[in-house]
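Structure, as structure tokens:
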Amino acid sequence: MKTNPVRNSLAVLAIVVALSAVSLPALANPAPRPLYQAGAPTVVSYQGQVLTGTPPTPYNGTGHFKFAVVNAAGDTTYWSNDDTSSIGDEPTAAVSLPVSNGLFNVLLGDTALMDELPATAFDGTDRTLRVWFSTTGAVGSFTLLSPDRRIAAVPYALQAEEAKNAATAGDADTVDGQHASAFTPAGTTWALTGNAGTNPATNFLGTTDNMSLTLKTNNTSAVWINPSQNVGIGTNAPTAKLTVQGNTQVLGYDAPVARGFITTTTPHAPRAVTVAGQYAYVVSESGNSLSIFDISNPDAITARGVITTGLNVARAVAVAGDYAYVASYYNKRLVVFDVSDPDTIVWAGEAYVNGPNAVTVSGRYAYVVSYYNRLTIFDVSDPANPIAVGTTTSNMNNPTSVFVSGRYAYVTNYVSPYLSIFDISDPSNIVPRGYTDTSLYVPYSVVVVGRYAYVASWWNSRLVAFDISDPDNPALLGYTSTNLSRPFSVVVAGRYAYVASRNNDGLAVFDVSDPTNLVARGFTTANLDDPQSVFVAGRYAYVASAANSRLAVFDLNHLEAPTADIGSLHTGGLHVGESAIVGNNLTVQDGLNVGAGGALINGDVSVQGNLFAHISVTTVTGSSTLAVTHSGIVLVDNAAAATITLPSAASSTGLTFTVKRLTANAVTVASAGGTIDGAATQALAEQYDFITVVSDGTNWYIVAR
């Protein structure tokens, strides 16, 4: 067989000496041999590459080689593998070696394969290595690899065996002519077990040229840092400071991190907390109060307004828009407060309910459970006048909490330890569905996420998960008691459940991504003493701690970015501190509450079902000039004749005003700009007469009277 010229690289050519710090293994190593023979070692490691065929490709298989150390002219042999070459000619015998991917490795002078390599072979300066190769080993089939490879200085160290006299011994602190001081001192390289005493200004892992740094695992590149300082995980072409190819997961802290807290005598022994925007709303049983706290700085909570009006043992609070709804147990009231000014809380209204324990608000309804075995639904479309529209006593025995999700309400019960489910799609006709007491003993709190309900079961110290996809047959999935002692309150955010555990003064975290296998992640007792309520908003958990009268804040795991472009987002809870822009549809599967800022909708509004809107009502007692902000109903309670002047039609496009006369005194409606049905004024001739007008941007037109 005729082979192409072979690319022969002397990849490794070094004397294997006793003081070697690093051994670099090569492919196709022969069986290990002793490295020392009566002083200096007499083997030289040689690695080369063989390409065969047309076009040349790396050879794989058993190769047959012959070796000789010759002079530069190639006409004198100083050593050969079988000691038969004398004038640079081909040795008689061959050495068989494995070749992988074209690479082979051999220890020249290994007496298990060939003749010993003597130090005298390097008693000169013009030594080269000559190699012959054959794929079969047959006589006449060997090809001389070209060119001969010049031998570097290291193998000449074999001649050190001859350094026996004082003249040569004087240079014993040099290697290849280099003084020992030229080599890297110990302690200036990175150790596999870590380094100490480093200076980040001068010590680093990385590159000093315009090349990327690559980190590998299992000999596969995993992380790239390019010259632009972009980091790529799973991609070698990162285009941003962090580019990830594949899924990314941010896990929660094993234990929440304590941030700020506020200790105050008002509220004393807080029972429950809820959060809306930058404020926390806290009720106290023994303090009979509702308090508001500014939590915009989680390390420096500040007290704002407080009120005790109408409260006697306040047990629960819910906030929707400008109103807070408080379950006041002893005086048997659902009390409503106007909290639009957090510094001045105003009593707005109340409704009778016997022994309310818990309240939640969804859409236009408030849902209240009573110690005396009732679930009552109140219409709070007029917050100052809550109206009971439906009630039931079925499947309840001293209910402790209520949670509403979609068309169902979920209630926990104290005496009969039920988790009960009710169809509330028709608030005037509450329909009992299924219930269960499996694994429950005095459950105090329930939260629902999707098809799963999570219950804090107090007496048996459990967090219990149920499948509620069939509301008639809730099914137990799993439970855990780890880190829990009398749990009282539970919330779920994303894949984690947060539980206030009273008897061990803790806030416990559980991974509930698999409801059949609830996994305890962490636990903290910082700043807590008898915690009774927990609420999660955004990246923080807020805990009402009764025995030390504290509202405490804890930092949860979070991903923070000034901007984010996300193709699809699934989140257990979404807290938006500033603006949210939805480029396409927004679907809300439960109630939608909008605060004092109102809602601006630049387009049509389609409502499937009843539409309940609060219209501005303004009462005047005499002649008045109206502003556009008075759009709505204007009641004229005048003691004498009065003129009500509408704003300019040009500034009121699309606005409507209804002006109604309440007394026997005359009322005239005028306009600051534009006519009213073509006239300058319109008269309300009789008591209780009214007109409703709308502006087209130029004039006013009567649409009802």
Grab the two heavy atoms, one from [X] and one from [Y], that are nearest each other, plus how far apart they are.
X: V335; Y: G310; answer: CG2-O, 3.4 Å
X: A327; Y: A358; answer: CB-N, 4.2 Å
X: A520; Y: T482; answer: CB-CG2, 3.5 Å

Looking at [X], I want to see if its [atom1] is surrounded by more than 12 non-hydrogen atoms of other residues, nucleotides or ligands under 6.0 Å.
X: Y435; atom1: OH; answer: no
X: Y330; atom1: OH; answer: no
X: Y371; atom1: OH; answer: no

4.5 Å side-chain heavy-atom contact, [X] and [Y]:
X: F378; Y: V368; answer: yes
X: T243; Y: N230; answer: no
X: V359; Y: V326; answer: no
X: V534; Y: V490; answer: no
X: V369; Y: P356; answer: no
X: N357; Y: P399; answer: no
X: P256; Y: V509; answer: yes
X: D505; Y: P531; answer: yes

Indicate the ring-plane relationship of Y452 and Y454, choosing parallel, tilted or perpendicular according to the 30° and 60° boundaries. tilted
Just checking, is any N or O donor in the side chain of D470 or N473 under 3.5 Å from an acceptor N or O on the other one? yes
Pair R374-T393, side-chain donor/acceptor within less than 3.5 Å: no
Once you round to the nearest 0.5 Å, how far does [atom1] of [X] lie from [atom2] of [Y]?
X: D530; Y: F488; atom1: CG; atom2: CZ; answer: 8.5 Å
X: L507; Y: S545; atom1: CG; atom2: OG; answer: 10.5 Å
X: N312; Y: N288; atom1: CG; atom2: CG; answer: 5.0 Å
X: S513; Y: L518; atom1: OG; atom2: CG; answer: 9.5 Å
X: I424; Y: S362; atom1: CD1; atom2: OG; answer: 7.0 Å
X: L375; Y: M396; atom1: CG; atom2: CE; answer: 5.5 Å

Begin with the C-alpha distance, continue with both residues' side-chain angles, and end with the deciding distance and a verdict on side-chain contact (heavy atoms from CB on, under 4.5 Å) for V431 and F422. CA-CA 6 Å; V431 179; F422 300 89; over 6 Å; no
Could you go through the side-chain contact (heavy atoms from CB on, under 4.5 Å) check for V543 and L551 one step at a time? CA-CA 6 Å; V543 181; L551 170 64; over 6 Å; no
Pair V275-I295, side-chain contact (heavy atoms from CB on, under 4.5 Å): steps then yes or no: CA-CA 9 Å; V275 172; I295 54 172; 3.6 Å; yes
Applying side chain to side chain donor-acceptor pair (under 3.5 Å), can you list everything that pairs with Y479, at least two apart in sequence or on another chain? R462
V282 vs F535, test: side-chain contact (heavy atoms from CB on, under 4.5 Å). Steps then yes/no. CA-CA 11 Å; V282 179; F535 192 97; over 6 Å; no
Report all side-chain donor-acceptor pairs from residues 408-421 shorter than 3.5 Å, counting only partners two or more places apart or in another chain.
unit_1: T412; atom_1: OG1; unit_2: T400; atom_2: OG1; d: 2.7
unit_1: T412; atom_1: OG1; unit_2: S401; atom_2: N; d: 3.3
unit_1: T412; atom_1: OG1; unit_2: S401; atom_2: OG; d: 2.6
unit_1: N413; atom_1: OD1; unit_2: N397; atom_2: N; d: 2.9
unit_1: N413; atom_1: ND2; unit_2: Y418; atom_2: O; d: 3.3
unit_1: N413; atom_1: ND2; unit_2: S420; atom_2: OG; d: 3.3
unit_1: S416; atom_1: OG; unit_2: N397; atom_2: ND2; d: 2.9
unit_1: S420; atom_1: OG; unit_2: N395; atom_2: O; d: 2.6

Test salt bridge (charged side-chain N to carboxylate O under 4.0 Å, His left out) applied to D294 - qualifying residues, sequence neighbours left out: R304
